[in-house]
2 protein chains.
Amino acid sequence: MQNISEEKCKLVEELGLNFEEKHNLPPLAGRIYAVMILSNVEGHSFEDIIEITCASKSSVSTNLNLLVQLKFIEYFTKTGDRKRYFRTTKNYLRITLEEYLESIEKELNLVKKVNSFNKEHNPEKFKKNKNLGLIFQEYLTTQKENLETTIQKMIMFKKELD
Amino acid sequence: MQNISEEKCKLVEELGLNFEEKHNLPPLAGRIYAVMILSNVEGHSFEDIIEITCASKSSVSTNLNLLVQLKFIEYFTKTGDRKRYFRTTKNYLRITLEEYLESIEKELNLVKKVNSFNKEHNPEKFKKNKNLGLIFQEYLTTQKENLETTIQKMIMFKKELD
DNA sequence: GTATTGGTTCGGAAACTACCGAACTAATTA
DNA sequence: TAATTAGTTCGGTAGTTTCCGAACCAATAC
């Protein structure tokens, strides 16, 4: 990490790790994304990212393209300038929330499947764990609803977002 | 997967993958855990698991011990029988929820840090994204509270659980 | 004692991931 | 046309993960 304050550098590492885990990104992609989240600049060039992250051209190329493909970032150009400039997409929070929603739905589905499988095949086990299973199912349902309303709220800010 | 129905086998794969992802377990550990969740039997022996999963002694040993260490499963013995028998711990749902809570707290913390960093260092960017940042923070807070009450509910069933 | 049972430990193989450097392409400039 | 710029593609390497088999250990059975 070059040319950035120590405070920022630490936050980049921390945020980067978080993105890496939560979105299953390679470490470098997580760091690049963190740099952009924490930056003043409207648009980092390819070169900027190489300098800041101290990574090779090829790695930066691969990871920038990955982030673009996953819609975490986007690029724009300036007339009379061959470079591409990258910035976070304005709706990355919505993407994150939608990812959460998807994963919650998947899990809720699984829990229901397990509950009904055990109900049918292991009735005495099901009875014993019924309350727990239902509490978990209830929790997931609440969370799903919560996510849906949050996403609705975000869409209300659409003009700002898109 | 031997000696289990096709339906169960499919569910084991699906559940196993889910545990693998959500709890960062090796594939075999995820499958073993899934087998136990979906089973009638009160206590699988070491041998049982080897047969069902078609994995080697050493792998089964390693992964059973991992699951025990992480408190996903526990073992008991029968008098006059040298074998160990494994079963899911009765509070694995609580463990899962507590893991969620921890990860939400971490993320909420990070979001706050990012918000205050941007407020200080990139004020115009912060202004532009303020509403989104706050909506996200609000969402995380609600979710955290939701989790806390759910865990409380679970603790109310303590007698059944522990 | 010796054999068997139940399980652990260790070394290594196979597969996967993340990154790098070198060679390359395609567009622009001189 | 030659050189430069901006970025991509490819082959390979280092590190990590997951699993296996073989050797091993400790307790019981013969």
Side-chain angles (χ1 to χ4, degrees), chain A residues 1-2 12-13 16-36 41 43-70 72-87, chain B residues 1-2 12-13 16-36 41 43-70 72-87:
Chain A
M1 293 295 160
Q2 265 178 355
V12 165
E13 290 304 332
L17 264 171
N18 188 64
F19 293 136
E20 197 183 322
E21 271 199 2
K22 302 258 161 150
H23 303 283
N24 249 301
L25 298 173
L28 183 54
R31 281 196 299 273
I32 291 175
Y33 190 48
V35 164
M36 292 192 184
V41 186
H44 287 86
S45 72
F46 192 89
E47 271 284 303
D48 293 340
I49 299 295
I50 291 177
E51 263 186 41
I52 295 173
T53 62
C54 299
S56 71
K57 269 172 83 172
S58 56
S59 302
V60 169
S61 172
T62 310
N63 283 283
L64 280 174
N65 288 333
L66 176 66
L67 287 169
V68 168
Q69 200 201 312
L70 296 175
F72 282 98
I73 63 175
E74 59 190 4
Y75 63 86
F76 59 95
T77 45
K78 298 174 181 175
T79 42
D81 183 348
R82 249 198 316 149
K83 288 182 187 168
R84 295 201 284 167
Y85 293 87
F86 297 87
R87 66 181 164 209
Chain B
M1 293 297 160
Q2 264 177 355
V12 166
E13 289 304 333
L17 263 172
N18 188 63
F19 294 136
E20 195 185 322
E21 271 201 4
K22 302 257 162 156
H23 303 283
N24 250 302
L25 299 173
L28 183 54
R31 282 196 299 274
I32 292 175
Y33 190 50
V35 164
M36 293 191 182
V41 186
H44 288 86
S45 72
F46 191 88
E47 271 284 304
D48 293 340
I49 298 294
I50 289 178
E51 263 186 40
I52 294 172
T53 61
C54 300
S56 72
K57 268 172 85 172
S58 56
S59 301
V60 169
S61 172
T62 311
N63 284 284
L64 280 175
N65 288 332
L66 176 66
L67 288 168
V68 168
Q69 200 201 313
L70 296 174
F72 282 99
I73 64 175
E74 60 191 3
Y75 63 85
F76 59 96
T77 47
K78 299 174 181 175
T79 42
D81 183 347
R82 246 196 325 143
K83 287 183 190 172
R84 294 200 286 168
Y85 293 87
F86 297 87
R87 66 182 164 209

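This one's a predicted model, so the numbers in the text were calculated from it and none came from an experiment. Numbered from 1 within each chain, the chains take letters A, B, ... in sequence-line order.
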Determine: side-chain N/O of [X] to OP1/OP2 of [N], distance under 4.0 Å, yes or no.
| X | N | value |
| --- | --- | --- |
| A:Ser58 | C:dC20 | no |
| A:Ser59 | C:dC19 | no |
| B:Asn65 | C:dT8 | yes |

query = Looking only at atom types and distance, does a side-chain atom of A:Thr53 sit under 3.5 Å from a main-chain N or O of A:Ile49, one as donor and one as acceptor?
reply =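 Such a contact is found between A:Thr53 side chain and A:Ile49 backbone.
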Please report the distance, rounded to the nearest Å, between [atom1] in [X] and [atom2] in [N].
| X | N | atom1 | atom2 | value |
| --- | --- | --- | --- | --- |
| A:Leu25 | C:dC19 | CG | P | 11 Å |
| B:Tyr75 | C:dG7 | OH | C1' | 11 Å |
| B:Asp48 | C:dG7 | CG | P | 10 Å |
| B:Lys57 | C:dT8 | NZ | C1' | 9 Å |
| B:Lys78 | C:dG6 | NZ | C1' | 15 Å |
| A:Asn24 | C:dC16 | CG | P | 16 Å |
| A:Ile49 | C:dC20 | CD1 | C1' | 18 Å |
| B:Leu67 | C:dG7 | CG | C1' | 16 Å |

Enter the distance from [X]:[atom1] to [Y]:[atom2] here, rounded to the nearest 0.5 Å.
| X | Y | atom1 | atom2 | answer |
| --- | --- | --- | --- | --- |
| A:Leu67 | A:Leu25 | CG | CG | 6.0 Å |
| A:Arg82 | A:Ser45 | CZ | OG | 13.5 Å |
| B:Thr77 | B:Arg84 | OG1 | CZ | 10.0 Å |
| B:Leu64 | B:Met36 | CG | CE | 5.5 Å |

State, yes or no, whether a side-chain contact exists between [X] and [Y] at a heavy-atom distance under 4.5 Å.
| X | Y | result |
| --- | --- | --- |
| A:Glu74 | A:Arg87 | yes |
| B:Ile52 | B:Arg31 | no |
| A:His44 | A:Ile32 | no |

ask   = Partners of A:Phe86 by ring pair (Phe, Tyr, Trp, His ring centres under 6.0 Å), sequence neighbours excluded?
value =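 Testing A:Phe86 for ring pair (Phe, Tyr, Trp, His ring centres under 6.0 Å), a comparison that skips the adjacent residues, returns A:Tyr75.
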request  = Name all residues meeting the ring pair (Phe, Tyr, Trp, His ring centres under 6.0 Å) criterion together with B:Phe46; count only those two or more places apart in sequence or in a different chain, and write none if there are none.
outcome  =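 In terms of ring pair (Phe, Tyr, Trp, His ring centres under 6.0 Å), with neighbours along the sequence ignored, B:Phe46 is linked to no residue.
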task = Determine which bases of DNA chain C form Watson-Crick or G-U wobble pairs with both distances under 3.5 Å, and write the result as a 5' to 3' dot-bracket string with | for other-strand partners.
result = ||||||||||||||||||||||||||||||
key: Heavy-atom closest contact (B:Gly16 atom, B:Ala34 atom, distance)   =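 Residues B:Gly16 and B:Ala34, closest heavy atoms: N-CB, 3.9 Å.
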ask   = What is the minimum heavy-atom distance between B:Ala55 and B:Leu28, and which atoms define it?
value =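 Here B:Ala55 and B:Leu28 meet closest at CB-CD2, 3.7 Å.
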key: Positional range of nucleotides in DNA chain D within the contact set of chain B, heavy-atom, under 4.0 Å   =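 First and last nucleotides in contact are D:dT18 to D:dT28.
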inquiry  = With the threshold set at under 4.0 Å for non-hydrogen atoms, list the residues of residues 26-36 of chain B touching DNA chain C in residue-number order.
reply    =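 Nothing qualifies; none.
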query = Would the A:His23 and A:Phe72 ring centres measure less than 6.0 Å apart?
reply =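 Between A:Phe72 and A:His23, which both carry aromatic rings, the centre distance is below 6.0 Å.
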query = Under 6.0 Å from the CD atom of A:Glu21, do we count more than 12 heavy atoms belonging to anything else shown?
reply =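 No, because the 6.0 Å sphere around CD of A:Glu21 holds 12 heavy atoms or fewer from other groups.
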Filtered N/O pairs between nucleotides 3-5 of chain C and protein, under 3.5 Å:
{"unit_1": "C:dT5", "atom_1": "O2", "unit_2": "B:Arg82", "atom_2": "NH1", "d": "3.2"}
{"unit_1": "C:dT5", "atom_1": "O2", "unit_2": "B:Arg82", "atom_2": "NH2", "d": "2.5"}

